[in-house]
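Right, one structure below, let's go through it.
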Amino acid sequence: MAGGSADYGFGRVLGEGAFATVLMARRKSDGEDLAVKVMLKSHVEREGKTRLVLAESKALQRCSACAFVVNLSRTFQDADYLFFVLEFCGGGDLLGLINGSDARVSREAGGLVPYAAAFYASEVVLGLEFLRGLNVA
């Protein structure tokens with residue numbers, strides 16, 4: 001498919017959710033690393049999540065100006081799958097940090113050291129304020 005999945009080289013799984021898998025991908029045209037959220041259309045439809053997926057796409061498109069919300073580069077589909085091409089955030093997710101994936105910001109007993117907790121909490125608040133200003137959250 002022109003302009004579709006053939007434009008990317010897919011790698012490891014970055015995360016999995018109820019109806020999507022996020023894969024590491026490299027755009028073949030320029031070598032940029034990206035994250036691609038892949039959803040099986042039949043599963044989305046069977047679970048009644050079509051409106052939710054469309055709402056997510058629209059919300060991410062509206063958030064392109066916010067540094068605290070992951071950037072959606074493009075969306076496309078093929079006969080079986082929906083694809084959201086997203087900015088790759090190499091540091092992992094917040095839950096991973098809280099669970100100790102980075103010794104620089106995590107405490108041995110779990111959780112974040114105070115300066116890291118304040119930093120990440122402020123980023124979440126700024127992202128939520130932006131979303132609220134758009135009437136998304």
What is the minimum heavy-atom distance between Phe10 and Ser5, and which atoms define it?
CE1-O, 3.6 Å

Measure from the side-chain N and O atoms of Lys28 to the backbone N and O of Gly9, and report whether any donor-acceptor pair falls under 3.5 Å.
no

Side chain to side chain, Leu60 and Glu56, heavy atoms closer than 4.5 Å
yes

Does Met39 reach the side chain of His43, with side-chain heavy atoms less than 4.5 Å apart?
no

Value for CZ (Phe83) from NZ (Lys37), rounded to nearest 0.5 Å, stands at 13.5 Å

Count I, L, V, M, F, W, Y as connected when their side-chain heavy atoms are under 4.5 Å apart, and connections chain through other members. Are Leu40 and Phe76 then in the same cluster?
yes

Looking only at heavy atoms, what is the nearest atom pair of Arg26 and Gly31, with distance?
NE-O, 3.3 Å

Does some side-chain heavy atom of Arg74 sit less than 4.5 Å from a side-chain heavy atom of Asp7?
yes

Same apolar cluster (I L V M F W Y, side chains within < 4.5 Å links), Val70/Phe84:
yes

Which atom of Leu134 lies closest to which atom of Arg62, heavy atoms considered
O-NH2, 2.6 Å

Once rounded to the nearest 0.5 Å, what's the spacing between atom OG of Ser101 and atom CG of Asp93?
7.5 Å

Distance check, rounded to the nearest 0.5 Å: Ser64 atom OG versus Glu87 atom CD?
11.0 Å

Shortest non-hydrogen contact from Leu94 toward Val124:
CD2-CG2, 4.2 Å

Is it possible for you to say whether Val53 and Val85 belong to one hydrophobic cluster, with membership spreading through side-chain heavy-atom contacts below 4.5 Å?
no

Should Phe68 and Phe119 be counted in the same cluster of Ile, Leu, Val, Met, Phe, Trp and Tyr side chains packed under 4.5 Å apart?
no

Backbone N/O of Ala103 and side chain of Ser106: donor-acceptor pair under 3.5 Å:
no

Can you name the nearest heavy-atom pair linking Phe88 to Asp33, along with the distance?
CB-O, 3.6 Å

From the list Leu23, Val13, Val22, side-chain contact (heavy atoms from CB on, under 4.5 Å) with Val38 holds only for Leu23

As an exercise, state the distance from CZ of Arg104 to CG of Leu97, rounded to the nearest 0.5 Å.
9.0 Å

Give the cluster check for Leu86 versus Val44: same hydrophobic cluster or not, with ILVMFWY residues linked at side-chain heavy-atom distances below 4.5 Å.
yes

Would a 4.5 Å heavy-atom cut-off, applied to side chains only, mark Phe19 and Glu47 as touching?
no

Between atom CD of Glu32 and atom CZ of Arg27, what is the distance when rounded to the nearest 0.5 Å?
4.5 Å

Heavy-atom neighbours of Tyr81 OH exceed 12 at 6.0 Å:
no

Correct closest heavy-atom pair for Cys63 and Phe130 would be CA-CE2, 3.7 Å

Check: Lys41 and Asp80 side chains under 4.5 Å, non-hydrogen atoms:
no

